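Down below is the structure, laid out as structure tokens.
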Amino acid sequence: MKSIELDYSNAKNFISDEDIKNLLPLLKNAHDNLHTGNGLGSDYLGWMDYPINYDKDEFEIIKKSAKKIQNDSDVLIVIGIGGSYLGTRAAIDMLGHNFRNNIDKKERRTPEIYYAGNNISSSYILDLFDVIGDRDYSINIISKSGTTTEPAIAFRIFKDHLEKKYGKEEASKRIYATTDAKKGALKQLSDKKGYEQFVIRDDIGGRYSVITPVGLLPIAVAGFNIDMIMEGNKDAREEYMNEDVYKNDAYMYALCRMILEQKGKDIELLVNYEPQLQTFSEWWKQLFAESHGKNQKGIYPSSLNYSTDLHSVGQYIQDGKRIMFETVLNVKKPRKDLKIILDEENLDKLNYMANKSVDYVNHKALEGAMLAHTDGQVPNLMINIERLDEYNFGKLIYFFEKACAINGYMMDINPFDQPGVEDYKTNMFALLGKPGYEDKSDELKERIKGI
Ligand code: PA5
């Protein structure tokens with residue numbers, strides 16, 4: 001059995017063999033373009049072969065640095081946003097204890113990990129200082145450009161705090177910069193201050209970068225086996241290279257998405273039944289939203305956490321507009337399991353479940369919701385994951401990256417750029433009075449007068 005497997009049998013009312021056959025020429029073309037580097041955005045294909053050509057020396061330095069941070073820090077602050085943040089958090093949440101930061105250090109053995117620079121909230125930053133208190137900490141600043149507003153603000157503040165706490169020399173030994181190899185503000189500062197540096201390659205865009213130093217350093221600090229992550233990523237590279245869609249689940253997933261969109265399903269709901277997967281969904285949303293949401297195209301990627309959300313938006317899924325399909329992340333074996341106990345009074349009427357495991361009940365909820373929703377014309381794609389471990393994390397990331405890239409080529413868009421995210425930044429800079437934005441500033445100030 002494959003450790004990650006797509007099952008589209010519950011969407012068969014919407015996806016026929018004929019539908020699949022019709023898309024095969026488009027798939028062939030997309031596959032050829034991706035693998036020969038002749039498609040759009042082909043400067044950003046570095047993630048495809050990264051599992052076999054990554055820098056082994058740098059990998060060893062990542063492990064060494066992770067050990068140092070584990071030894072000299074109670075807390076690691078990971079500063080970054082978007083592609084320089086979401087994948088790391090997805091990994092640490094997926095692989096770790098549900099309450100990892102609250103577990104006693106002796107048991108956890110690795111630093112607490114907190115994230116900064118992914119919002120512009122002053123309360124968030126000050127609250128984070130309260131959490132750190134007077135404990136020892138280090139910073140991993142992750143930014144290709146070094147000038148992205150959110151992480152740049154956070155880094156300025158935490159760097160200043162670290163320098164005041166330890167002195168400039170010691171602070172420099174506690175700052176790890178993951179950034180461009182040659183250029184940019186952070187690269188310049190890191191050279192000047194002597195920070196340990198890791199490279200964000202030019203040929204790997206932010207949302208495709210988690211399994212590079214961007215994610216690997218903090219994931220290793222959190223105590224996870226990054227060799228196994230690379231192993232899963234490497235095996236996925238092999239498995240999802242196959243041109244035959246019936247032997248390549250990443251390609252079949254891409255095809256299913258396209259067929260469902262053709263049938264009016266404009267929203268995809270990535271559904272999980274494990275709270276540990278909530279941030280994985282956030283990573284997935286960025287991957288598909290930034291890659292496909294252009295030229296007025298693309299399925300809107302959304303996510304739900306079941307069974308929690310069955311009690312809030314379940315009604316809409318069952319009976320609202322028929323514009324969505326579900327992709328369920330089905331974890332076959334839970335990390336831990338426990339049994340429901342027999343209660344003599346049985347006032348809650350749960351005794352019929354006594355001695356069944358909680359995970360068994362979770363899976364019955366999954367089956368029940370899947371049947372109800374497919375009856376309600378919400379097609380269901382299932383991604384079966386053997387268990388949540390490092391190997392499968394590496395595999396799952398590659399599965400979605402490859403599916404996203406091939407799907408993007410089939411849509412005739414560039415899945416590796418994100419021109420649309422600049423517009424709000426231009427406005428924000430103009431409103432903040434950034435030099436160079438003066439003309440725009442006057443125009444915008446006039447417009448917001450009416451607000
Ligand atoms: O996917 C992307 O390219 C973005 O999400 C970037 O990763 C994000 O904006 C952060 O950019 P930087 O690493 O330059 O700070």
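Order of appearance sets the numbers: ligands from 1, and atoms from 1 within every ligand. What you see is a predicted model, and the numbers here were worked out from it, not measured in a lab.
- Listed by chain and number, Ile81, Gly82, Gly83, Ser84, Ser143, Lys144, Ser145, Thr148, Gly206, Arg207, Gln286, Glu290, Gln418 each place a non-hydrogen atom less than 4.0 angstrom from ligand 1.
- Here Asp417 pairs with Lys294 in a salt bridge; the nearest charged N to carboxylate O distance falls below 4.0 Å.
- Within the structure, salt bridge (Lys or Arg N to Asp or Glu O under 4.0 Å) pairs that include any residue of residues 297-310 do not occur (at least two apart or interchain).
- Residues satisfying the salt bridge (Lys or Arg N to Asp or Glu O under 4.0 Å) test with Asp442, not counting sequence neighbours, are none.
- Remark: Lys285 fails to qualify as a cation-pi partner of Phe288 under the 6.0 Å distance and 45° angle criteria applied to the six-membered ring.
- In this structure, Arg174 is not positioned above the aromatic face of Tyr137 in the sense of NZ or CZ being under 6.0 Å from the six-membered ring centre and within 45° of the axis.
- For Asp74, the salt bridge (Lys or Arg N to Asp or Glu O under 4.0 Å) partners two or more places apart in sequence, or in a different chain, are Lys105.
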